[in-house]
Amino acid sequence: MYGNSLEKVRTVEEDPERLREFEERIRSGEKIEPGDWMPAEYRRQLIRMISQHAHSEIVGMLPEGAWITRAPSLRRKLILLAKVQDEGGHGQYLYHAAETLGVTREEMIDALLSGKAKYSNVFNYPTLNYADVGVIGYLVDFAAILNQTMLARCSYGPYARAMVRICAEENFHKKQGQDLVIRMARGTPTQKAMVQDAINRWWWPTLMMFGPHDSDSPNSEVLIRWGIKTKTNDELRQAFLNQIVPELHALGLSVPDPDLRYDEESGNWIHGPIDWDHFWRVIKGHGPCNHERMQARRQAHEDGRWVREALAAYASRQGRNDAGNGGEGLAL
Ligand code: FAQ
């Protein structure tokens, strides 16, 4: 298992003494900060993960954002607006955290828009009605919270600190989703059927969000060794199942898995087989909405061009003014 990632640690590591000190710092619970020495592979893994995470937050605004204009009440519209705005903010913190590792915002955005960068599988599905907003908040945000609470303890300081704030906001996101699901489950038979249908469609993509099984996760071993991940994909998926299944059952809702069972001995809910072929197709760009999501991001990037150009022109004029003032004061 994980042979490749350990091989990478050995081959990229140029200075065994520094590596030993670095690993000792991690073992003793110290945070690694941007100016500190770190192995090239640690930096590469963090850039990969944090940038994918940032892209997920930004693309993740799209499925629910589509319902802001069609929210069923002013209250729901305000809640959804705040939530989608928060996701945009999370993307910004995360791009900043990745920038501390030496990658530029432009490089990350280019990688997303050219289709080179990954983002979470779960945002490549359509939102068919308002029940989907509740189910995304309840299931997807809860899955994200479990993953991000683990990352709030990660060894890289800027990522861990970004996660603390993001998790606080995600908790609000989950609560609003749970509240909507509870109301619909206790509502009219049509509302209950809508929310059940939404669970049926989001269930498997949400389970896949935690990533492949540990035995098929090439990055996990090195991430755990260096304290970037503190729990494995399967451990988090299990924690999700154990909490969410009884909650859904208590609402009279079911999970679309004929093989789901409770294992008395371990106290775990055990899910049936996950369609990993489908997962790999989706993350390689062939899911139901990948094309639509990328089109929306490219359009947004194009629409924002004039803002970037205006900021660049302002910054260069500012630079000239500052030079003229001997570098002191602000040009107003
Ligand atoms: N989707 O070796 P592993 C949110 C890729 S934020 C797409 O196990 P790793 C908030 C993986 O990149 C959700 N690709 O990978 C919100 C790797 O490919 P690579 C995002 C995935 O990194 C809520 C390959 O498979 N959260 O939801 C996925 O050890 C509602 C092999 O996998 C984060 O990004 C996937 N689900 O573990 C917003 C958290 N899983 O790069 C709006 C940070 C795996 O080698 C509305 N990331 N892959 O070519 C992580 O914790 C980890 O990266 C995992 C994957 C756990 C996602």
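Just so you know, ligand 1 is whichever comes first in the structure, and atom 1 is the first atom listed for that ligand. The figures that follow rest on heavy atoms only: side chains count, while hydrogens, waters and symmetry mates do not.
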* To do: May I ask whether Q45 places a heavy atom under 4.0 Å from ligand 1?
  => no

* Hey, does M150 sit under 4.0 Å from ligand 1 if you only count heavy atoms? -> no

* Asked: Under a 4.0 Å heavy-atom limit, does F123 contact ligand 1 with its side chain, its backbone, both, or neither?
  -> side chain

Taking distance alone, with no angle check, do [X] and ligand 1 share an N/O pair under 3.5 Å?
X    : value
N233 : yes
S56  : no
E57  : no
K83  : no
N147 : yes
N121 : yes

Identify whether the distance between the nearest side-chain nitrogen and carboxylate oxygen of [X] and [Y] falls below 4.0 Å.
X    : Y    : answer
K83  : D86  : no
R165 : E169 : yes
R161 : E33  : yes
R201 : D132 : yes

Output the list of atoms in ligand 1 that are nearer than 4.0 Å to some heavy atom of [X], sorted by atom number.
X    : value
M208 : 36 (N)
E87  : 16 (C), 30 (C), 38 (C), 42 (C), 46 (C)
E170 : 10 (C)
L223 : 29 (O)
L151 : 39 (C), 43 (C), 51 (O)
G60  : 42 (C), 46 (C)
G211 : 40 (N), 44 (C)
Y159 : 43 (C)

Please write down residue, atom name and distance for the protein heavy atom closest to [atom].
atom                    : value
atom 25 (O) of ligand 1 : W280 CZ3, 3.6 Å
atom 48 (N) of ligand 1 : F279 CZ, 4.0 Å
atom 44 (C) of ligand 1 : P212 CD, 3.7 Å
atom 45 (O) of ligand 1 : N219 ND2, 3.1 Å
atom 3 (P) of ligand 1  : S217 OG, 3.4 Å
atom 4 (C) of ligand 1  : A144 CB, 3.7 Å
atom 22 (O) of ligand 1 : R48 NH2, 2.8 Å
atom 31 (C) of ligand 1 : P218 CD, 3.7 Å

* Asked: Is there a side chain to side chain donor-acceptor pair (under 3.5 Å) between H96 and E99 once you walk through the steps?
  -> CA-CA 5 Å; H96 278 304; E99 281 172 320; 3.2 Å; yes

* To do: Give the ring-plane orientation class for W276 versus H213, where under 30° counts as parallel, over 60° as perpendicular and anything between as tilted.
  => perpendicular

* To do: Fit a plane to each ring of Y159 and H53, take the angle between them on a 0 to 90° scale, and name the class: parallel (under 30°), tilted (30 to 60°) or perpendicular (over 60°).
  => perpendicular

* With V84, the side-chain contact (heavy atoms from CB on, under 4.5 Å) member among I68, V133, I79 -> I68

* Do I145 and V164 belong together in a cluster built from hydrophobic side chains that touch within less than 4.5 Å? -> no

* Nearest neighbour of atom 41 (O) of ligand 1 from the list K118, M49, Q52, M61, on a heavy-atom basis -> Q52

* **Winner among K229, M209, K116 once heavy atoms are compared against atom 13 (C) of ligand 1** => M209

* **Stepwise side chain to side chain contact (heavy atoms under 4.5 Å, CB included) test for T149 and M163** => CA-CA 7 Å; T149 305; M163 284 297 108; over 6 Å; no

Side chains of residues 279-288: which donor-acceptor pairs under 3.5 Å do they make with residues two or more places apart or in other chains?
none

* Decide salt bridge (charged side-chain N to carboxylate O under 4.0 Å, His left out) for R18 and E21; before the verdict, give the C-alpha distance in whole Å, the side-chain angles of both, and the deciding distance to 0.1 Å. => CA-CA 5 Å; R18 284 185 125 173; E21 280 168 21; 5.9 Å; no

* Any chance you could pull the hydrophobic cluster mates of L128, using side-chain heavy atoms under 4.5 angstrom and chaining through other members? => none

* Should D179 and R183 be marked as a salt bridge (charged side-chain N to carboxylate O under 4.0 Å, His left out) after you check the CA-CA gap, both sets of side-chain angles, and the distance that decides it? -> CA-CA 6 Å; D179 172 69; R183 276 166 193 256; 3.3 Å; yes

* To the nearest 0.5 Å, tell me how far Y125 OH sits from R293 CZ. => 11.0 Å

